[in-house]
Amino acid sequence: MLGFLTARQTGLDDPLRLRRVESTRRVLSLKLNPDRDVDRIHGNGINTIDIEAVEGRYMLSGGADGVIVIYDLENFGGKPQYTCKAVCTVGRSSRHVHKFSVETVQWYPYDTGMFVSSSFDKTMKVWDTETLKWLFYVSLAQMRFAVGTKNPKIQLCDLKSGSRIHVLQGHRGEVLSVRWSPRYEHILASASADSKVKVWDVRRASGSLFTLDQHNGDKSKASSEAVNTAHNGRVNGLCFTSDGLYLLTAGTDDRMRLWNSASGENTLVNYGKVCNESRKRLQFTVSRGCSPEFVFVPCGSSVAVYALHTGELITMLRGHYNNVDCCEFHPDYQELYSGGKDCNILAWVPVLRASVLSLSRYSKKRTFLFRSSSEVTTLHW
């Protein structure tokens, strides 16, 4: 570490190199933190979680009980032992609560004053964070954002007007996951129960750009529509890398594949058997700012950590008492949060160097103010 600091001070190394080295070290030392708890609010399994990108302080969770919770991840007590408190809850007693299981929650990317949720009650709601009342809801039989449902069609809805602006047709089974590219705002990936993953340019009126083929065969439209499959089972997980150059897919064939998002080529990275028995969307995540990058995938009651480009299994994070359904990486602190059917959200935190314990973020204090502002299987801003 001293060598990296010296090289940075003398200008021999780019400052980004030190940051990547330390971020990588922290990810490799992730452990279940006995000093940190997350309030247990959900009475049933936790399907989805999301950490806002504006401050990196608030986390959303959605459960099979229809409840939505907002947690404050910051510690203001000045002590290592603390609990991430639930600051807001849309509980069963609220008249605004979803009637059935919440499948997706997601913060508005540019403002914590608003978030969106989708549910098996066939609605997607856009919420005011301060009042915890939905600003409006979308009847998913009529219009939606980038939403996948039991209907094979993907429909896009404009947030400002609330009107349907586009329909993407091509899948032959229910759409289990959709993801926007972080690199190009007009590129969308979709995964379906028909074993296919399609990449779309939403500016085009015609069909998808291409359909991913696990065998790297012919990607011409006529050929790909007929035979190209990404997996030998349902594809229920999608995740772009932070730079948008690669796309990860997970299927019920117990395989995970890494694709070049521009060409659609299967990179043939072998991750081995990646246990996936979920009938619904599987929420997994990729690290950011590390070298190499890592993939965190729910695998039974554990979270498997893989090296992104080599497929090496680094470790298994064990702590849940039942299956894990979702996990989310916190890039500011290289922490991981996971939610499972045991109704728990666990915090996986890097082991700190003894010499920097006094400089840890336990002593940090910040203030923040919220600003006002067919069946759903997945959505994405």
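Count residues from 1 along the sequence. Just so it is clear, the model here is predicted, and its values are computed rather than measured. Note that these values count all heavy atoms, side chains included, but never hydrogens, waters or copies made by symmetry.
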In this structure, would [X] and [Y] fall into the same cluster of hydrophobic residues linked by side-chain contacts under 4.5 Å?
X      : Y      : value
Met316 : Val274 : yes
Leu346 : Val303 : yes
Leu313 : Leu282 : yes

task: Flag yes if more than 12 heavy atoms outside Arg40 fall under 6.0 Å of its CZ atom; otherwise flag no.
output: yes
Over 12 foreign heavy atoms within 6.0 Å of OH, Tyr271: yes
task: Give the intermediate values and the outcome of side-chain contact (heavy atoms from CB on, under 4.5 Å) for residues Tyr337 and Thr285.
output: CA-CA 10 Å; Tyr337 292 86; Thr285 187; over 6 Å; no
What distance do [X] atom [atom1] and [Y] atom [atom2] have between them, rounded to the nearest 0.5 Å?
X      : Y      : atom1 : atom2 : answer
Ser195 : Asp253 : OG    : CG    : 8.0 Å
Arg92  : Ser94  : CZ    : OG    : 9.5 Å
Trp259 : Phe210 : CH2   : CZ    : 10.0 Å
Met124 : Gln106 : CE    : CD    : 10.0 Å
Asp37  : Gln81  : CG    : CD    : 10.5 Å

Where the side chain of [X] meets the backbone of [Y], is there a donor-acceptor pair that is under 3.5 Å apart?
X      : Y      : value
Ser177 : Ala191 : no
Ser261 : Gly244 : yes
Asp72  : Val87  : no
Asp50  : Leu60  : no
His330 : Gly56  : yes
Arg257 : Ala230 : yes
Glu52  : Glu55  : yes
Thr129 : Thr112 : yes
Arg172 : Lys196 : no
Gln334 : Pro331 : yes

Going through the distances and angles, do Ile154 and His171 end up as a side-chain contact (heavy atoms from CB on, under 4.5 Å)?
CA-CA 9 Å; Ile154 303 167; His171 285 295; 4.2 Å; yes
Given the options Lys280, Gln283, Arg281, Glu103 meets side chain to side chain donor-acceptor pair (under 3.5 Å) only with Lys280
Contacts satisfying side chain to side chain donor-acceptor pair (under 3.5 Å) that involve residues 311-321 (not counting sequence neighbours) are His320-Ser338, His320-Asp342
Applied to residues 290-305, the side chain to side chain donor-acceptor pair (under 3.5 Å) test, sequence neighbours excluded, yields Ser287-Glu293
When you look at Val67 and Thr89, which way does the side-chain contact (heavy atoms from CB on, under 4.5 Å) test go after all the steps? CA-CA 7 Å; Val67 173; Thr89 304; 3.8 Å; yes
Check whether any side-chain heavy atom of [X] sits under 4.5 Å from a side-chain heavy atom of [Y], and report yes or no.
X      : Y      : value
Gln169 : Pro152 : no
Arg26  : Tyr333 : yes
Trp348 : Glu335 : no
His309 : Thr267 : no
Ile187 : Asp201 : yes

Hits for ring-ring contact (aromatic ring centres under 6.0 Å, His included) against Phe329, two or more places apart or cross-chain, chain-then-number order -> Phe296
Applying ring-ring contact (aromatic ring centres under 6.0 Å, His included) to Phe284 and not counting sequence neighbours gives none
Sorted by chain and residue number, the salt bridge (Lys or Arg N to Asp or Glu O under 4.0 Å) partners of Asp194 (sequence neighbours excluded) come out as none
Minimal heavy-atom distance between Val27 and Phe294, with the atoms involved, is CG1-CD1, 3.6 Å
For Cys327 and Leu336 the tightest heavy-atom approach is CB-CD1, 4.2 Å
Arg36 and Asn75: CA distance, side-chain angles, deciding distance, side-chain contact (heavy atoms from CB on, under 4.5 Å) verdict
CA-CA 10 Å; Arg36 188 182 313 182; Asn75 174 25; over 6 Å; no
Report the relative orientation of the aromatic rings in Phe115 and Trp127; use parallel for angles under 30°, tilted for 30 to 60°, perpendicular for over 60°.
parallel
Mind checking whether Tyr108 and Tyr110 have parallel, tilted or perpendicular rings, split at 30° and 60°? perpendicular
Only one of Thr249, Leu248, Leu176 passes side chain to side chain contact (heavy atoms under 4.5 Å, CB included) with Leu238, and that residue is Thr249
Sorted by chain and number, sequence neighbours left out, side-chain contact (heavy atoms from CB on, under 4.5 Å) with Lys85 holds for Asp39, Thr83
